[in-house]
Amino acid sequence: MTYLNRRSLLWGAAALGAGAAMGRAYAQAPSGPFKLDPLPYAANKNEPHIDAQTMEIHHGRHHAAYVNNLNGIAQQHGQIGQTPLHEILAKLSDVPEAVRTAVRNNGGGHANHTMFWQIMGGSGSEPKGEVKAAIDRDLGGFAKFQEDFNAAGGRVFGSGWVFVTVDGGGKLALVTKPNQDTPLMDGQRALLGNDVWEHAYYLKYQNRRPDYLKAWWNVVNWDKIDERYAAAKAGKLTI
Ligand code: MN
């Protein structure tokens, strides 16, 4: 076994462990302008629909890797760390060609997951108030919207995301993206989205993505989505 492989295995073992081990993994990460915020709730908050181990690996390894990779890029290309991420992603053609794909993948991954943790940790139920009215108006009502969202997420081939975008007037639309692409790359804003990469559900659901998509609604935090909706209408939603 090579030294590198052995190191990866040891790091993996640490990351699979409890919170203290996760903290040690963070401490080893290269520093830089991009930060991995802690999960805004305990890793088991979304049980039984999304298991704690999936949350820990997803946040502490997958999302952490996107942040670490971005910081590595920022060390070579200083302007990457000095521009707000949503602005970088809206103008990828301005990013040096040598790192453009890496910025697209890791920057998109950082933005998508930052949004994703925020809008989970809730108790599901149903949208209310302005968001409910917007879903009724633009997406055919909550039941039809859930059905269409799950179907769209199910149709993503391989890895990607299903999003609801919101414009400055509060209008909603359903979109899917491959890989770590994000509506931010079209100058749009994501109100909410679900990650349909296998890493988001495979430990508990294996290949049963439709079951994951259906169960995910039980952990959606509509209060957070209300806040994002209000911020979007005020022109203050960035990521
Ligand atoms: Mn993910």
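Both counts, for ligands and for their atoms, begin at 1 and track the order of listing. Nothing fancy with the numbering, it's 1 onward along the sequence.
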### Message
So Asn106 and Gln180, do their side chains get closer than 4.5 Å, heavy atoms only?
### Response
no
### Query
Can we say Lys177 and Asp186 salt-bridge, meaning some charged N sits less than 4.0 Å from an Asp/Glu carboxylate O?
yes
#### Entry: ring-ring contact (aromatic ring centres under 6.0 Å, His included) involving His58 - partner list, sequence neighbours excluded
His113, Phe116, Trp117, His199
### Task
Using a strict cut-off of less than 4.0 Å between a Lys/Arg side-chain nitrogen and an Asp/Glu carboxylate oxygen, indicate whether Lys233 and Asp167 qualify as a salt bridge.
no
### Task
With the Mn ion (ligand 1) as the centre, enumerate protein N/O/S atoms below 2.8 Å in chain and residue order.
His58 NE2, His113 NE2, Asp195 OD2, His199 NE2
### Message
Could you check, using the six-membered ring where one of them is a Trp, whether Trp216 and Tyr205 have ring centers closer than 6.0 angstrom?
### Response
no
### Carboxylate-amine/guanidinium proximity below 4.0 Å for Asp223 and Lys128
yes
